[in-house]
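First the structure, in the form of structure tokens, and then the observations on it.
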Amino acid sequence: MGEVLPTVPAELTLAVEITGGEGQTLEWIRNGETFASGPVTVGVQRQQITPRPGDWFSVVCRNSAGEATLISNAIYVRRSQ
């Protein structure tokens, strides 16, 4: 988290492990917009995506009231090679 990918890969697998968040919703964020979401489950959760130069990714957990309980640092994709 909080790092810059030095090159733009053709495919990127984002992975997150959240403990104690069962019953909440995990949102996968790309450039400030949710691109996927689902329930928090035990273990590592993964999301496959094709990144573009300049993208940034993070995750947000929300409780049943929709309040953010976790906001990750971003992972950035370098703008140019």
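FYI, side chains are in, hydrogens and waters are out, and symmetry mates aren't considered; it's all heavy atoms of this structure.
- The side chain to side chain donor-acceptor pair (under 3.5 Å) search around Gln47 returns none, not counting sequence neighbours.
- The side-chain contact (heavy atoms from CB on, under 4.5 Å) search around Ala10 returns none, not counting sequence neighbours.
- Here the shortest heavy-atom pairing between Glu22 and Val42 reads OE2-CG2, 3.1 Å.
- For Glu11, the side chain to side chain donor-acceptor pair (under 3.5 Å) test picks out Gln48, with sequence neighbours left out.
- Residues Ile18 and Cys61 have side chains in contact (heavy-atom distance under 4.5 Å, counting atoms from C-beta outward).
- Listed by chain and number, the residues in a side-chain contact (heavy atoms from CB on, under 4.5 Å) with Leu12 are Leu5, Pro9, Leu14, Ile49, Pro51, Phe57 (sequence neighbours excluded).
- Side-chain atoms of Ser72 come within 3.5 Å of backbone atoms of Val59 as a donor-acceptor pair (strictly under, hydrogens ignored).
- Using a 4.5 Å cut-off on side-chain heavy atoms (C-beta onward), Val16 and Leu26 make contact.
- Every side-chain contact (heavy atoms from CB on, under 4.5 Å) that Thr41 has, sequence neighbours left out, goes to Gln45.
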Chi angles and distances behind the side-chain contact (heavy atoms from CB on, under 4.5 Å) call for Ser58, Asn73: CA-CA 6 Å; Ser58 64; Asn73 289 337; over 6 Å; no
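- Contact between Asn63 and Gln24 at its shortest, heavy atoms only, is N-OE1, 3.7 Å.
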Quick one: side chains of residues 27-38, donor-acceptor pairs under 3.5 Å with protein atoms, not counting sequence neighbours, listed by atom name and distance.
| residue | atom | partner | partner atom | Å |
| --- | --- | --- | --- | --- |
| Glu27 | OE1 | Arg62 | NE | 3.2 |
| Glu27 | OE2 | Arg62 | NE | 3.1 |
| Arg30 | NE | Asp55 | OD2 | 3.0 |
| Arg30 | NH2 | Thr50 | O | 2.7 |
| Arg30 | NH2 | Asp55 | OD2 | 2.7 |
| Asn31 | OD1 | Trp56 | N | 2.8 |
| Asn31 | ND2 | Asp55 | OD1 | 2.8 |

